[in-house]
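Accompanying notes for the structure given below.
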Amino acid sequence: MGSERMEMRKRQMSAHQETVSSSQAQQGVGNRGSNACCFCWCCCCSCSCLTVRNQEDERTRRSSNEIRGAGIPNCEERQVAACYVYSWGQSFDKLMNTPAGRNAFREFLRTEFSEENMLFWMACEDLKKEANKNVIEEKARLIYEDYISILSPKEVSLDSRVREVINRNMLEPSQHTFDDAQLQIYTLMHRDSYPRFMNSAIYKTLLQTLSETTAES
């Protein structure tokens, strides 16, 4: 009886040890899986962060290149707008070559009830870009009715010689039908309206606002 009990106890202890070893092995596998998942997540997160950082750096470099390519030396990004506005006071051409300059000047012309001069000039510029013959004829007709006809409330001031040229050109309209008239109106705005614009409250307020903004930055 004693030997049988000893043999049974050995078997029980052996079975218990096998159970414990099996449990520890399963825990080891679970820990390795958890670590692997954590490692994979960290790698994915790191890759995503690097991608976002690279994209931001690329946008910054592109923005800097565009600013340097604007043709305004010695101007930081926050001063570019001010430099443009200051350049409008240097020449009428610089004012008319920028959309913001044309908008500011047009606002001033509206206060003097001569906005039609800018509208006519812009319509002529748009006509020059057109290539379709039918569209050219339609746009030329609209320009004539809106700015050349004596019946139009937006008629621009042109001398008789230019009007005769336009009437001849309208027989076969082209992108250059109103070139002489456009030049005459451009010269009129340059000599008559531009000096008053430079002394206007609109331009002075714009300069002051930009100066204060630049000083604060």
Side-chain angles (χ1 to χ4, degrees), residues 55-132 135-136 138-140 142-148 152-158 175-217:
Q55 291 175 348
E56 291 177 350
D57 291 343
E58 179 62 25
R59 283 195 294 266
T60 301
R61 286 193 296 268
R62 189 182 303 116
S63 177
S64 298
N65 291 335
E66 290 174 354
I67 293 168
R68 286 195 295 269
I72 306 177
N74 303 322
C75 292
E76 296 181 4
E77 182 177 359
R78 63 179 180 271
Q79 296 174 315
V80 169
C83 290
Y84 270 119
V85 174
Y86 289 137
S87 72
W88 300 346
Q90 298 172 3
S91 75
F92 185 60
D93 291 339
K94 291 182 179 180
L95 170 70
M96 294 292 284
N97 283 336
T98 60
R102 291 193 296 271
N103 289 337
F105 188 51
R106 177 179 171 181
E107 182 180 350
F108 167 74
L109 292 177
R110 189 179 295 121
T111 66
E112 293 201 333
F113 305 100
S114 57
E115 182 186 11
E116 66 275 2
N117 290 333
M118 175 63 79
L119 295 176
F120 171 69
W121 185 88
M122 293 174 64
C124 292
E125 287 294 293
D126 181 62
L127 179 64
K128 290 178 180 178
K129 300 174 183 177
E130 189 56 60
N132 186 286
V135 176
I136 289 174
E138 178 64 16
K139 287 187 175 183
L142 292 175
I143 291 174
Y144 188 92
E145 292 178 356
D146 288 342
Y147 305 109
I148 308 301
S152 173
K154 296 185 292 183
E155 177 192 8
V156 295
S157 179
L158 299 171
Q175 299 101 318
H176 305 287
T177 294
F178 304 99
D179 281 3
D180 289 352
Q182 185 186 23
L183 177 59
Q184 190 168 98
I185 294 301
Y186 187 90
T187 303
L188 176 65
M189 291 190 294
H190 184 191
R191 294 178 178 176
D192 186 54
S193 303
Y194 175 64
R196 292 199 299 274
F197 169 73
M198 300 308 302
N199 293 316
S200 68
I202 291 176
Y203 185 62
K204 289 181 178 180
T205 300
L206 187 59
L207 280 177
Q208 181 178 358
T209 301
L210 287 171
S211 298
E212 292 174 353
T213 302
T214 303
E216 291 175 358
S217 60

To the nearest 0.5 Å, what is the distance between [atom1] ([X]) and [atom2] ([Y])?
X	Y	atom1	atom2	result
Lys139	Lys129	NZ	NZ	9.5 Å
Met96	Arg106	CE	CZ	11.5 Å
Met198	Phe105	CE	CZ	10.5 Å
Glu112	Asp192	CD	CG	7.5 Å
Leu206	Trp88	CG	CH2	5.5 Å
Leu210	Thr205	CG	OG1	11.0 Å

Examine distances only and state if a side-chain atom of [X] and a backbone atom of [Y] form a donor-acceptor pair shorter than 3.5 Å.
X	Y	answer
Gln182	Trp121	yes
Gln175	Glu130	yes
Asn103	Pro99	yes

Do [X] and [Y] have side chains that approach each other closer than 4.5 Å (heavy atoms only, starting at C-beta)?
X	Y	result
Phe108	Arg196	yes
Glu138	Leu142	yes
Tyr203	Val85	yes
Ile185	Leu158	yes
Phe197	Leu109	no

Where [X] and [Y] come nearest, the two heavy atoms and their spacing:
X	Y	answer
Asn117	Met189	CB-SD, 3.8 Å
Leu127	Ile136	CD1-O, 3.9 Å
Glu115	Arg110	OE2-NH2, 3.0 Å

- Charged N-O contact under 4.0 Å between Glu125 and Lys128: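 The answer is yes: the pair qualifies as a salt bridge.
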
